[in-house]
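So the structure is just underneath, and the comments pick up after that.
Order of the sequence lines fixes the chain letters, A, B, ..., with proteins taken first and strands second; residue numbering starts at 1 for each chain. Just so it is clear, the values below take in all heavy atoms, side chains as well, and ignore hydrogens, waters and symmetry mates.
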Amino acid sequence: MPACEPLVGWRIIADPTALDQAPWPAGSHVVRISPDDVFLIGAAEPTVPADPHAIVTPEHGFAGASLTADEVDHTALHHIEWQLPAVRPALAQGQIAGVPAKLVLHADGSALLLVACAARHELEDRLA
Amino acid sequence: MSRVVYDGTPIEYEEGDSLALAALRAGQHPARGGTLCMAGDCGNCVAIVDGTPWVRTCQTDARPGIVVRRHPNGSHPSPGGPEQHTSVTVRHRTADHVVVGHGESGAAAAAALRAEGHDVTVFDAADGDEVVGVFDGPSVIVRRADGIDHFHVHHITLATGAAEVQPVCPGNLLAGIYTPKAAAVAIAAGIDLGTVVTVGHDVKAFHGEGRVSEVEFRDGTRVACDSVIADLGSAPRDVLARMAPLVPVEVVGPAAQAHPLPPVAEEGVLCPCGKITVEDLQGVWDKGFRDLELVKRASLCGVGTCQGGVCMPHLRSFVADRSGVEPKPFTGRPAARQVTLAEAAAGYHIDTFRRTPLHAEHEALGANLDKFGGWFRPWNYGDPIAEYWAVREGVSLGDVSTLGKMLVSGPDVVEALERLYPNHVHDIKVGRSRYVINLNERGHVLDDGMICREGDTRFLLTFTSGGASTAEMWVRDWVETWGLKVHVLDRTVSHGAINVTGPLAGELLRRAGVADDDRPKFLQHRHVTVAGVPCHIMRLSFTGEASYELHHQIDRSVELWQALMELGRPLGIKPHGLQALFGLRLEKGHVIVGQDTELDSSPRRINMDWAVKMEKADFLGREALARTANLPDERRLFGFTMDGPAPLEGSVIRVDGDVVGHVTSSWDSPMYGHAVLLGWQKRLPHADVVEIDGREARVSPVPFYDKEGARARM
Amino acid sequence: MNEFVETLLDLPWQTGEPKSSYDVVIIGAGGHGLATAYYLATRHGITNVCVLDSNFIGAGNSGRNTTIIRSNYGIPESVRFYQRSLEMYQTLEDETGCWIMHNQKGQIWMAHSVSTARTEQTRALMNQACGAKTDYIGPDEIKQLCPQIDLTGGGRYPVYGASYHHEGATARHDRVVWAYAQGALRAGVHVFQHTPVTGLLKDGDRVVGVQTPRGNIAAGTVISAVGGDVTTVANWAGVRLPIRTHALQAFVTNAYAQEFAPIVSSNDLVFYVSQTPRGQMLIGAEYDRFASYRQATSFSYLQACSKKSITMFPFLAKLRILRSWTGICDVSTDFSPIIGHTGVDGFMITTGWGTWGFKAIPAGGSQLAELVATGSATLIEPFGLQRFAHEAAMADPSSAGTR
């Protein structure tokens, strides 16, 4: 299992409709954590024109690791007690090996594993 | 042919033999006697297999080198001593239709489902797939030789068939007695059972020394034999069905059918696991225990390793005979097939210990790290008293990254915070902060922290490290309940915080490039770059000295910490751990929620009425506080001083010899040379002088240190 | 006959149907209901008493607990109450003639961090001050009392120390129920099994009896000693209780030779282990977080509990789980019992027994009987329902985990 590396990005909390319409900077990757919550992977600062109260702040709290489709399957088989969504792409969130984590599942079966930097050592130990 | 070691003797087995078959092949009973079912239903073949007791040898394949020992005669096997930690492979799988059992009814059910186009997974113990239980979900737990599988399923069909009834009569614990299926298994394996006599309910007793050598029938006839086949009918093998009445399962085949109970047994061991006899059952019945459950509990029939697999039909028959009413079987409970604790535990992690971004720094500095609220935090760096003096007289760093930190924004944010907190919020100016407590609906203190106003409709809230994990839920729940428009971002783990504290804290910031005019004043906050790192500095004080909390993105924590340590070296900087911090704050009389407070501590009880503005129209807990305001309230937290050494935290506080409370915080103050304490008095009138640890202690106003708060404002 | 059967005393059941009226009708023939009846009859001469149960005697939590007896609580009121109960248990066999398999084992309550070590230290000091024998001990002493322990906790949960409760004990739960049932029946109390109470009889605001399928029964006093459905029964009387009901699960392994002497609990990990007189290892933990009346077992519980226990006791890893069970616990908002008057004339209650009801049976029953008979009972006075209105909750700082 690859090591988790800190990610650079932005966190945006705003009205769901404003997030739906937001013009995200080119090259950034959108992780929609919940209807009102986006983790945007990428350095360029985003804006949310439709919500003047939006919280837009740098987010350096996540570490991530890219998993191949086989690694995703292996992780799901041995470390995820809940069912991954059948449709891809998708975002899956829950405990992985007992650590709160997220899986950004791509269409080809690979995924980006996200975990809080504060717990990354635990996840790495358990997936090793 | 390969060999296993059975009770010290190597015995040969054939490929495909279970351990029980291997024993029979060697002319031995796999345990110490009793009817064999060879189907995992009874406990008559259990032995210690490779050190693990209570293993059903009929369900365990013989493999080269396995060492089997019989359980000790007349006593239980040893649980064994300390051993290495073991781990078992767990797999999380999904299945659409699951059929348990692939006998006649299971095969038919599976075929029918497949014909309808369903995806069907079949488990059968004979294939090494032992179903431990069916649970909510629905989920099915399957034990296999190479690990344990957790299946998420949609539909469960139980086709577990029927278990053969075993004979209850004198001599039924002899070797050489088989159910028809067990005999078939042995014969199919080429084992010579010798002269076989088949008996039904007409059997009266078995005779022999160790092995059965003669059968006595009810009509008085006696027949010599080498082996007996007891053909007594069967009973549903429905423990899984009885286990989960609320889990949707379909039961088919013999497992679902009513079976006639066997004739009531008159004599002999009815429960081989516990050696419970018919006489025992009669005994409890005669003593007034006249209910299936009471008979079971009073006699302990059915609570052994087979969990009623052998005795239940006979027990029900007994109760039906004596009471005239056929009782329902008792509830099925996991485990239907036994698992070891290691197998059950597989895949579970008890908790997650989080590390702050400065973890490696603390380790490098020789910190004693301890677990606090799910985080590793420095308890001390070896010398808490030196750390204390660094704060009181110089400058010190504290890692407070674990504080709860939350951004809130939105058109209704002021309204929401006014309702959440008992203090005023609307009059906090941008750039200012205010200390707040939060209360539950009962008016009891949940947590405390700061409110920092960042803009008209934007605030940063802080919570204690212990309160951080539930803070977001608390805020979101209420905001949604009230239908207010507020955005919430919990950034506890994405932001680090370093507390720069001590009379030289301002000087250190100056050396770190912060102009005096840019340094926030007490209860102000400001975004400033410190040693090249963008920080949000909050000026407040928990230690009692001038303190600057530097909040920053965690990827810059190490850089910031190292720069401050380096710049502070000429100032004698030392980091401080929680041990020194707890003493520092105690001298200031600051409570730690959860240590000094109790589950039902109202603000008044901890002398914090000043943080509650009852003139506000509404806030969480206001109604409760208003209702209870005039009740007599004897419980109150006090500050005390006494000569050292400081009593242990938890020491009781006595007045006139009676226990009136206990010490919640205790510290030998290096500053004063005596102990300072917080503790409860829960009886009126409150005394000025109390007894703690057999010594005198005096109530003291708090704070003990710097009553005017001048030092925090320096 | 085997020893277990031979030592049972008779249950001298009354014959016939319930009378139309009793001085006291108790709903629930579990430990608390039967003990209350027993003490009413044997201590106070009130024998015109009837105990009703929808099932067999002890079918509820009295027969679904982990049989632990201890008094190492965190507030004086609790320590004194449970210490009384613990001492009454020590003499219950002599008093009733029933072998309840009382076994003083000692309880070790481990701490694995600075903050929980403080909690255990606090427990020991408060216990000593209030009459319970508890000391704070270090890892070496723990190892002596329990050689099977891994003091490193698998490298993750090192043992800092423990409070050691010398008089911690176990007793066979069913036999305690039967001891009180036998004593009560002998003293002339009527006990009817399989006789559910379906409603209360009221005269204005006053409760004057109960409804059952076998007819109405008038009562001078009705006592609810119900577990699980207590809020339903209280609602009939118009009493609202600050109670939520949660499931508590536990399990036993197969039986093994007696090699594990004490009861061991962990403050941080929240589980406990002991060995029963029959040799089974009995393992339990805290109640389920969500409220429920279901007595179902969840695999996640077995999983968590197994992991915690083998982490501290690696020898358990090879042991096999025989049977799990579930009781349902009525938990009050301050984690203490609610016992005594309800504010409704003729209706009293004993509830809020959470996961600590078994150990409280002797003191709970005797004190409630005393309250009925004499109008006052010192040890349960702090645990009345009115405390919630008077802002005098009995919240025990050490009650957050296993109790």
Side-chain angles (χ1 to χ4, degrees), chain A residues 5-16 18-19 33-39 48 51-63 73-86 94-101 115-127, chain B residues 89-94 137 139 147 149-153 346-357 359-360 374-376 401-402 405-413 454-458 460 469 476 485-496 534 536 552-557:
Chain A
E5 296 300 334
L7 295 169
V8 170
W10 295 83
R11 194 72 176 270
I12 307 102
I13 312 290
D15 287 337
L19 289 177
I33 291 173
S34 68
D36 67 347
D37 188 350
V38 162
F39 173 42
V48 186
D51 185 353
H53 297 284
I55 295 172
V56 180
T57 177
E59 173 65 79
H60 300 168
F62 286 112
D73 290 346
H74 183 270
T75 304
L77 180 63
H78 293 292
H79 301 289
I80 305 181
E81 62 186 44
W82 38 278
Q83 286 179 266
L84 290 183
Q95 289 205 337
I96 298 178
V99 179
V115 61
C117 289
R120 113 190 206 209
H121 62 287
E122 291 271 41
L123 188 61
E124 285 172 353
D125 283 355
R126 292 172 192 180
L127 298 188
Chain B
T89 301
V90 63
R91 287 166 296 246
H92 303 282
R93 298 189 147 140
T94 58
S139 64
D149 288 4
H150 299 188
F151 273 89
H152 297 277
V153 306
Y348 186 79
H349 300 276
I350 298 168
D351 47 20
T352 298
F353 300 141
R354 289 177 292 177
R355 292 179 179 174
T356 79
H359 191 83
W375 291 91
F376 274 113
S401 300
T402 58
K405 314 168 203 78
M406 185 186 298
L407 271 178
V408 289
S409 157
D412 299 331
V413 70
E454 295 238 45
D456 282 349
T457 56
R458 185 178 164 111
L460 176 71
S469 61
R476 280 187 183 269
K485 241 176 134 50
V486 179
H487 298 317
V488 178
L489 172 63
D490 178 358
R491 58 181 204 187
T492 300
V493 296
S494 68
H495 277 64
H536 183 190
H552 56 276
Q553 296 281 348
I554 56 168
D555 56 338
R556 309 295 296 275
S557 295

Please state whether the side chain, the backbone, both or neither of [X] comes within less than 4.5 Å of a heavy atom of chain A.
| X | answer |
| --- | --- |
| B/Pro411 | both |
| B/Arg556 | neither |
| B/Thr89 | side chain |
| B/Arg91 | both |
| B/His487 | both |
| B/Val488 | backbone |
| B/Arg458 | side chain |

Closest approach of A/Arg126 and B/Asp351, non-hydrogen atoms and distance?
-> NH2-O, 2.7 Å
Mind listing the closest non-hydrogen atom pair of B/Thr352 and A/Ala119 along with its distance?
-> CG2-CB, 3.8 Å
Contacts of A/Glu81 meeting side chain to side chain donor-acceptor pair (under 3.5 Å) (sequence neighbours excluded), chain-then-number -> none
Pair count under 4.5 Å, heavy atoms only, with chain A: among B/Arg355, B/Arg354, B/Lys485, highest is B/Arg355
Heavy-atom pairs under 4.5 Å with chain A, option from B/His359, B/His495, B/Arg476 with the top count | B/Arg476
Under 3.5 Å, side chain of [X] to main-chain N/O of [Y], donor-acceptor pair present?
| X | Y | result |
| --- | --- | --- |
| A/His121 | B/Phe353 | yes |
| A/His78 | B/His92 | no |
| A/Gln83 | B/Thr94 | no |

Which region of A/Pro6, side chain (C-beta onward) or backbone (N, CA, C, O), has a non-hydrogen atom less than 4.5 Å from a non-hydrogen atom of chain B, or is it both or neither?
-> neither
Relative to chain B, which segment of A/Ala97 carries a heavy atom at a distance below 4.5 Å: side chain, backbone, both, or neither?
-> both
Mind checking whether B/Ile554 and A/Cys117 have side chains closer than 4.5 Å, heavy atoms only?
-> yes
Pick whichever of A/Asp37, A/Ile80, A/Asp36 has the most heavy-atom pairs under 4.5 Å with chain B.
-> A/Ile80
Against chain B, work out which of A/Arg120, A/Glu59, A/His60 has the most heavy-atom pairs shorter than 4.5 Å and name it.
-> A/His60
Output the distance between atom CD1 (A/Ile55) and atom CG (B/Leu407), rounded to the nearest 0.5 Å.
-> 5.0 Å
When rounded to the nearest 0.5 angstrom, what distance separates CG in B/Asp555 from CG in A/Leu7?
-> 11.0 Å
